[in-house]
Amino acid sequence: MKDLPKVYEPQTVEKKIYAMWEEHGDFHTRVNPDKKPFSIVMPPPNVTGQLHMGHAMDATLQDILTRYKRMQGYEALWLPGTDHAGIATQIKVEEDLRVHEGLSRYDLGREKFLERVWDWKEKYGHRIVEQQKKMGASCDWERSRFTMDEGCSKAVRETFCELYEKGLIYKGSRIINWCPHCLTALSDAEVEYADKPGHLWYIRYPLSDGSGDITVATTRPETMLGDSGVAVNPEDEKFKHLIGKTCILPLVNREIPIIGDEYCEIGFGTGAVKMTPAHDPNDFEVGLRHNLEVIRVIADDGTINENGGAYEGLDRYDCRKKIVEDLEAQGYLVKTEDYSHNVGTCYRCHNDVEPLISAQWFVKMEPLAKEALRVVNDGTIKFVPERFAKTYTNWMENVHDWCISRQLWWGHQIPAWYCDECGHINVARTDPVKCEKCGCAYLTREEDVLDTWFSSALWPFSTLGWPEKTEALDYWYPTSVMVTGYDIIFFWVARMIFSGMEQMKREPFSTVLIHGLVRDSQGRKMSKSLGNGIDPLEMAEKYGADALRFNLITGNSPGNDMRFYEEKCEAMRNFCNKIWNASRFVMMNLSITENGLPERLEPEDKWILTRLNDTVREVCENLDKYEIGVAAAKIYDFIWDDYCDWYIELTKPRLNGEDPDAKQRAEQVLLYVLCEFLKLLHPFMPFITEEIWQAIPNDGGDLILASYPRYDESLSFPEDAADFEIVMEAIKAVRARRAEMNVPPSRRSHLLIVTEREAAFTQGEAYIRKLAYASEVTVLRDSPADTAGMVSAVTGQAKMYMPMADLVDLDKERARLQKSLDNAKKQLAGQDAKLANQSFVSRAPEAVVNAEREKKAKLEALIANLETSLRDLG
RNA sequence: GGAGGCGUAGCUCAGCUGGUUAGAGCACCUGCCUUACAAGCAGGGGGUCACUGGUUCGAGUCCAGUCGUCUCCACCA
């Protein structure tokens, strides 16, 4: 043991420890009726993705909760897995195909292409898992799932069929968001809006009867190719008379009607709006009401289609330019204004999305939203922090139908077959051989696949075996906590909730723990394009995974973003090193081979045990409330301040002393407290704690499976601890006085302690000498006759004198004492005033009043001591 | 337009249901290599808790308003 390096080396330790856990099967869970279940399903990262800081934080939080519950005796399952991530993965493989072979997916064809994607998945799918392991993730890897594995596919198909049968899934032609780059439809949630500078063009549409014209304003002139009407408000005096007339669409020369619709706001813009039902959701609605023609002019790839006449084949933005030029040339352009407007972009490729009419599959949201709202409103599902419940309900209350079809190949192909004869849509759990309506055998399968989030939505139960009735499902569902970022509430959390309610008739989890984003040191979002991402693995390699974990969960509060500072990793690494060296110290001094407390405890032992016990209680309370950062900070303080800076120092005289019995008792308490704090800290810093645990006499078994500390009243000695703190206070006062005068520790002096609490000080003579740099300690009841030439330090319970004549300046000493005295008196006056206040004494809770009285008593004692010291100085 | 967060030490942030003299890390200053640890020890400086008003015996904490800042949702061409 004595050869342990002075500096903790996480790199070698972490690998070894993780392998040990795996080898011992410590992560493995089983349906165990004797234990209470606890479960977390991991938000599945993209199968071909790489671990980023967000994942690292997410995983750390989940791991802490899982380890905590596991140690508390729960059958704690953290179920891992990966997501097929439709668009993201397909794009990656297509890119690879293009770069290396110069091929597109169409060159390969669907089947061959999908084989490539599966190969890709096999090749890179393990990467993220290995990365999670490096972070210490204690998942039950044997239960790992993939959103496109057999079971999940079955769950998807079952859900699709059920919803279709209930009429909750339908196919229809509606305006959807289309990404011309990814060439697929998107859901509302997949569109990100950004303010972009643009223009508002005012265009004159001549009336057909030649009686004048009507001017419309638009931000998207290219869509005029698909205009099939102009709308004005029916109450608008300016335009009322035009309703029913027609006008001529410039450039196209189409005659289109002027209609009256409330949608058009009086006084806004020109008061007249061009209607493009095929490319604008509002126009589409208006078009339905007035039977306007739906003319699609923009093709899937973002170019103008055959309906665009002369403009056919132009890219939509080139077309815009050309149209404006032509309008101007032909005198239809009235004016152009600068205008900033919100443009929807694809959340994957950030190209502008094109709203267009398209036949797609939708989930009808209204009936599903009802239950999803109820379980959050009635508290069945709790959000932490609570404010996110509002975000959630707000969205759910206004949700539109969910477009679930994607024009991709990689994903769950929609289980629908179109009858070539009668056109009937056959939706079936097993592939049909003939049309259920007309019986013909010519069926064509729907090519589209489902939105990735459709399978993610089923994750909490599909991973546990649904639609089969499995024991695991019965045991662990509903899961305990869902841990995820606020950026994913709509995409995922909301959809898991309504899916769980619909398919399982039970909520998928009882608590949603929301965390924020990890940003860079300047507060910017970490992103590939900015190149400001910090690789968690690099940080883990440099400072240790434990340090990184601690960094990510301390000093921030749930739901708030945090900035990542490498310096903080350094600080946390230092903490690891502190623990390492404290353990090294204990081991170096250890002669005992078993962990157990002695019969007889010294005051300092009682103090540290009391502090430990208090810490245990508070940490558990905090963890139960998901105040993980607060819990971590308390453990940090206990270990560093109480255990290392005080307790270890306090035991040194005994460890180095002549009394073997006293030495052994000190060892016992040192070891006991060490073991307890290792357990306490283990969920947060699993590697270093396990490593040390394995090296010391422990309770047997791996730390990961040890019992988490519980509050133990028999190990709490508040009175003794308070008495002991009197001594600590005196030591601090002496140190402060010496530091003030720049006395180096090497200069020791006789220390006279005048106190009524002689016993407390006499008992501690040995360590007082050490900690207060004294050559000898004399405890007296009465002040010495002559204190001239002595430096003094005063607390409420003791007066300390150090004969250091050369350093004493009587006047300065007097002035200093007088200043302290004045200060204390001032405080006492405030205290008196407070206690004289009748309404305070009568209204404040007794405990608060008593605390104030105690404080007053302490001040009085301090004042008395200061006064006698002053008097003694003469 | 709607909703929400944030504003506390030089920097980054904690501070739970209102209750000692408002904390931490980093940075800074002073003194120390005191045989666990200089990635350390001891001591210290530094805050009108954005502003204004209110509730209360008592407000960083609760309420209202103001200013600044960030985010999400919706979106009128």
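In what follows, every chain begins at residue 1, and chains take the letters A, B, ... in the order their sequences are listed.
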Counting the atoms with a prime plus P, OP1 and OP2 as sugar-phosphate, which does [X] contact under 4.0 Å by heavy atoms, base, sugar-phosphate, or nothing?
{"X": "A:K578", "value": "base"}
{"X": "A:C264", "value": "base"}
{"X": "A:K568", "value": "nothing"}
{"X": "A:D645", "value": "sugar-phosphate"}
{"X": "A:Y193", "value": "base"}
{"X": "A:S557", "value": "sugar-phosphate"}
{"X": "A:N560", "value": "sugar-phosphate"}
{"X": "A:W640", "value": "sugar-phosphate"}

Give me the distance, rounded to whole Å, that separates [N] from [M] when you measure between the [atom1] atoms they each carry.
{"N": "B:C51", "M": "B:G68", "atom1": "C1'", "value": "11 Å"}
{"N": "B:G44", "M": "B:A50", "atom1": "C1'", "value": "29 Å"}
{"N": "B:A24", "M": "B:U8", "atom1": "C1'", "value": "13 Å"}
{"N": "B:A3", "M": "B:A64", "atom1": "P", "value": "12 Å"}

Ignoring hydrogens and angles, does a donor from either the side chain of A:R573 or the base of B:A39 sit under 3.5 Å from an acceptor on the other?
-> yes

Report yes or no: is there a donor-acceptor pair, N or O only, under 3.5 Å between the side chain of A:N342 and the base of B:C75?
-> yes

Okay, side chain of A:T215, backbone of A:Y202: is any donor-acceptor separation there less than 3.5 Å?
-> no

Shortest side-chain distance from A:K390, nucleotide among B:G43, B:A3, B:A36 = B:A3

What nucleotide, of B:A42, B:C75, B:A77, holds the atom closest to the side chain of A:Y339?
-> B:A77

Identify, between A:A571 and A:Y565, the residue whose nearest nucleotide on RNA chain B lies closer to the 5' end.
-> A:Y565

Is any side-chain N of the basic residue among A:E627 and A:K634 closer than 4.0 Å to the acidic one's carboxylate O?
-> no

